[in-house]
> 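Just dropping this structure here.
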Amino acid sequence: MVSWRVAAAQYPIDQLADWDAYATKVAQWVAQASDGGAALAVFPEYGAMELASLAPATMGDLAGSIETVSALLPRVDALHAELAARHGMHILAASAPRKDADGRFRNTARLFAPNGRMGVQDKLVMTRFEREQWGIAAGAGLKLFETALGRIAVNICYDSEFPLLARAVVEAGAEVILVPSCTDSLHGYWRVRIGAQARALEGQCYTVQSPTVGEAAWSPAVDVNRGAAAVYGPPDRGMPADGVLAIGSENAAGWVFAEIDTACVADLRADGGVLNARHWTEQPGARAALPAVELVSLV
């Protein structure tokens, strides 16, 4: 599929009464994205932390919250797989801490295809809060997902602020880079937004930012959330002059929709007004080895 619609969530963190409340909420959000014509729905970084409210005894404790959410991850993934199949769409589930065999937690995003396949991208560069307070460890390895919609990569929040990560997936063929985010200030939001827009410019591709929004005073992890969802492209022929295809109102819950045309990516990389993707190697030192990228088929 060359042309399709994406939905980027401005997702609020809710205090949930029980699992059914969570499942109903996510199902309603996915249904709204599907009703809006989306072939891909993108949820934010750490949106799954609202699940910590299902354990009232520990939801006010950071370590307890992380443990609770991680333990629920298999159930969360089963729900998203079912919703992707039901609506015939791709879904990037909200990222969550995952406890690995080494006992450490990693921030993981999962991309679900309607055919039942799932791809996983961990966050690679941790923020200070993740390193110093959450105890979240860096993941390893970049993935590029071959999908019916095209080649899609994921740079989780802070990862979008590091050009070589995006460059590696662009050289591997990425046409769309998803940027799920969670920021507690407008400074943080703008850092990620600027990163996402810069990556779209450099890679001559689309980037899709999806943030958490609103307040959740009960949570020590995601108590304040600021941001706006958006879809960006390179400011070039066939794109808006500022590269902003669609953007939401800051802090308002809901979906932001935009049209994606991967043929436009190929056209601009071949014959755009500028050729940033092709001319990358003309920078001094730009021929240094990039991180390896694993191609994962979700077709």
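One is the number of the first residue; the rest follow in order along the sequence. Side chains included, hydrogens not; waters and symmetry mates left out as well; all remaining heavy atoms used.
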> Can any side-chain N or O of Gln10 pair as donor or acceptor with the backbone N or O of Val213 at less than 3.5 Å?
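Checking the backbone N and O of Val213 against the side chain of Gln10, no donor-acceptor pair under 3.5 Å is found.
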> To the nearest 0.5 angstrom, please state how far the OG1 atom of Thr262 sits from the CG atom of Asp267.
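The OG1 atom of Thr262 sits 11.5 Å away from the CG atom of Asp267.
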> Mind checking the CG-CD spacing from Asn276 to Gln204? Nearest 0.5 Å is all I need.
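These two atoms lie 5.0 Å from each other.
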> Under the side-chain contact (heavy atoms from CB on, under 4.5 Å) rule, what do Val222 and Thr212 come out as? Steps first, then yes or no, please.
CA-CA 9 Å; Val222 286; Thr212 51; 5.5 Å; no
> Do Pro211 and Asn225 come within less than 4.5 Å of each other through their side chains, counting heavy atoms only?
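Result no, sub-4.5 Å side-chain heavy-atom pair not found.
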> For Ala33 and Ala41, work out which heavy atoms get closest and say how close.
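Where Ala33 meets Ala41 most closely, the heavy atoms are CB-CB, 4.1 Å.
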> Is it true that Tyr11 and Leu16 fall in one hydrophobic cluster, defined by side-chain heavy atoms closer than 4.5 Å?
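Yes, it is one cluster - the side chains of Tyr11 and Leu16 are joined through contacts under 4.5 Å.
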> When you measure from the side chain of Asp242 to the backbone N and O of Val244, does any donor-acceptor pair fall under 3.5 Å?
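Between the backbone of Val244 and the side chain of Asp242 there is a qualifying donor-acceptor contact (under 3.5 Å).
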> Same hydrophobic cluster for Ile13 and Trp255, using side-chain heavy-atom links shorter than 4.5 Å among ILVMFWY?
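In one cluster: yes.
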> Can you give me the closest heavy-atom contact between Cys157 and Cys182, atom names plus distance?
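Smallest heavy-atom distance, with atoms named: SG-N, 3.7 Å.
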> Drop me the distance from Ser181's OG to Gln209's CD, to the nearest 0.5 angstrom.
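One gets 4.0 Å once the value is rounded to the nearest 0.5 Å.
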> Holding to salt bridge (Lys or Arg N to Asp or Glu O under 4.0 Å), I want the full list of residues that pass it with Glu175, two or more places apart in sequence or in another chain.
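With neighbours one apart ignored, the set is empty.
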> Would you please say whether a donor-acceptor pair under 3.5 Å links the side chains of Tyr232 and Arg193?
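Checked: Tyr232/Arg193 side chains pair up, N/O donor to acceptor below 3.5 Å.
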> Tell me if a side-chain donor or acceptor on Arg237 pairs with a main-chain N or O of Asp271 at a distance below 3.5 Å.
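A pair under 3.5 Å: yes.
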> Any chance you could pull the hydrophobic cluster mates of Val208, using side-chain heavy atoms under 4.5 angstrom and chaining through other members?
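Members alongside Val208: Met1, Trp4, Val6, Leu40, Val42, Leu92, Leu111, Phe145, Leu149, Ile152, Val154, Ile156, Val176, Leu178, Tyr206, Val231, Met239, Leu245, Ile260, Val265, Leu268, Val296, Leu298.
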> So which residues get pulled into Val256's cluster when ILVMFWY side chains under 4.5 Å apart are joined, directly or through others?
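Besides Val256, the hydrophobic cluster comprises nothing; the residue is isolated.
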> List in chain and number order the residues that pass side-chain hydrogen bond (donor to acceptor under 3.5 Å, both in side chains) with Asn107, two or more places apart in sequence or in another chain; answer none if no residue qualifies.
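Here the qualifying residues are Glu45, Tyr46, Ser95, Glu130.
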> If only atom types and distance count, is the side chain of Ser160 paired as donor or acceptor with the main-chain N or O of Gly195 below 3.5 Å?
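Checking the backbone N and O of Gly195 against the side chain of Ser160, no donor-acceptor pair under 3.5 Å is found.
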> Rounded to the nearest 0.5 Å, how far does CG of Leu186 lie from CZ of Arg226?
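With rounding to 0.5 Å, CZ (Arg226) is 4.0 Å from CG (Leu186).
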> Are His279 and Val274 close enough, and set up right, to give a side-chain contact (heavy atoms from CB on, under 4.5 Å), and what steps lead you there?
CA-CA 9 Å; His279 294 157; Val274 289; over 6 Å; no
> Are any side-chain N or O atoms of Ser34 and backbone N or O atoms of Val30, one a donor and one an acceptor, separated by less than 3.5 Å?
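No, Ser34 side chain to Val30 backbone: no donor-acceptor pair under 3.5 Å.
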> Listed by chain and number, what are the side-chain hydrogen bond (donor to acceptor under 3.5 Å, both in side chains) partners of Tyr22, not counting sequence neighbours?
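Result, side-chain hydrogen bond (donor to acceptor under 3.5 Å, both in side chains) vs Tyr22: none returned.
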> Among Ile, Leu, Val, Met, Phe, Trp and Tyr joined by side-chain contacts under 4.5 Å, find the other residues sharing a cluster with Val192 and list them by chain and number.
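Leu124, Val125, Leu142, Leu144, Tyr158, Phe162, Leu165, Val169, Val170, Ile177, Val179, Val293, Leu295, which link up through side-chain heavy atoms under 4.5 Å apart, make up the rest of the cluster.
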> Quick one: do the Asp261 and Ser3 side chains pair a donor with an acceptor below 3.5 Å?
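Asp261 vs Ser3: no donor-acceptor pair found between side chains.
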> Taking only residues two or more places apart in sequence or in another chain, which ones pass salt bridge (Lys or Arg N to Asp or Glu O under 4.0 Å) with Asp236?
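With neighbours one apart ignored, the set is empty.
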> Do Arg191 and Thr183 pass the side-chain contact (heavy atoms from CB on, under 4.5 Å) test, and can you show the C-alpha distance, the side-chain angles, and the key distance before you say yes or no?
CA-CA 9 Å; Arg191 285 194 294 267; Thr183 51; over 6 Å; no
> With sequence neighbours left out, write down each residue that passes side-chain hydrogen bond (donor to acceptor under 3.5 Å, both in side chains) with Glu146, or none if nothing qualifies.
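So Glu146 forms a side-chain hydrogen bond (donor to acceptor under 3.5 Å, both in side chains) with Arg151.
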> Does a side-chain heavy-atom distance below 4.5 Å link Lys25 with Pro12?
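Contact flag for Lys25/Pro12 side chains = yes.
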> Could you list who else is in Leu290's hydrophobic cluster, with ILVMFWY side chains joined at under 4.5 Å, directly or through other members?
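In the cluster with Leu290 are Leu164, Trp280.
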> Is a side-chain N or O of Arg5 found less than 3.5 angstrom from the main chain of Phe257, in a donor-acceptor match?
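No; zero donor-acceptor contacts below 3.5 Å.
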> Looking at residues at least two apart in the chain, or sitting in another chain, which of them share a side-chain hydrogen bond (donor to acceptor under 3.5 Å, both in side chains) with Arg110?
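Counting only residues at least two positions away or on another chain, Arg110 forms a side-chain hydrogen bond (donor to acceptor under 3.5 Å, both in side chains) with Asp77.
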> Using residues 63-73 as the side-chain source, report each donor-acceptor pair under 3.5 Å to any protein atom, sequence neighbours left out, with the distance given to one decimal.
from, atom 1, to, atom 2, distance (Å)
Ser65, OG, Met59, O, 3.1
Ser65, OG, Asp61, O, 2.9
Glu67, OE2, Lys99, NZ, 3.2
Thr68, OG1, Gly64, O, 3.0
Ser70, OG, Lys99, N, 2.9

> Taking all non-hydrogen atoms of both residues into account, name the closest pair between Phe105 and Pro97 and its distance.
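Closest approach of Phe105 to Pro97, heavy atoms only: CD2-CB, 4.3 Å.
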> Which atom pair, heavy atoms only, marks the closest approach of Glu50 to Ser53?
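So the minimum-distance heavy-atom pair works out to O-OG, 2.7 Å.
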> A side-chain contact here means heavy atoms from C-beta on lying under 4.5 Å apart; do Cys205 and Arg269 qualify?
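The answer is yes; the side chains approach within 4.5 Å.
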> Return the CD to CZ distance between Glu202 and Arg167, rounded to the nearest 0.5 Å.
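Between Glu202 CD and Arg167 CZ, I get 8.5 Å after rounding to 0.5 Å.
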> Within a 6.0 Å radius of atom CD on Gln32, are there more than 12 heavy atoms belonging to other residues, nucleotides or ligands?
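Yes.
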> For residues Ala48 and Ala96, report the shortest heavy-atom separation together with the two atoms involved.
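Result for this residue pair: CB-CB, 3.7 Å.
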> Are the side chain of Arg131 and the backbone N or O of Met126 linked by a donor-acceptor pair below 3.5 Å?
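Looks like yes, one N/O pair under 3.5 Å.
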> Of all the heavy-atom pairs spanning Ala168 and Pro291, show the shortest one and how long it is.
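Nearest heavy atoms, Ala168 then Pro291: CB-O, 3.5 Å.
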> Can you run down the ring pair (Phe, Tyr, Trp, His ring centres under 6.0 Å) pairs that involve residues 48-80, sequence neighbours left out, and say none if there aren't any?
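Pairs touching residues 48-80 that pass the test: His80-Phe112.
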> Taking atom CD1 of Ile136 and atom CZ of Arg106, what is their separation to the nearest 0.5 Å?
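Separation between the atoms: 9.5 Å.
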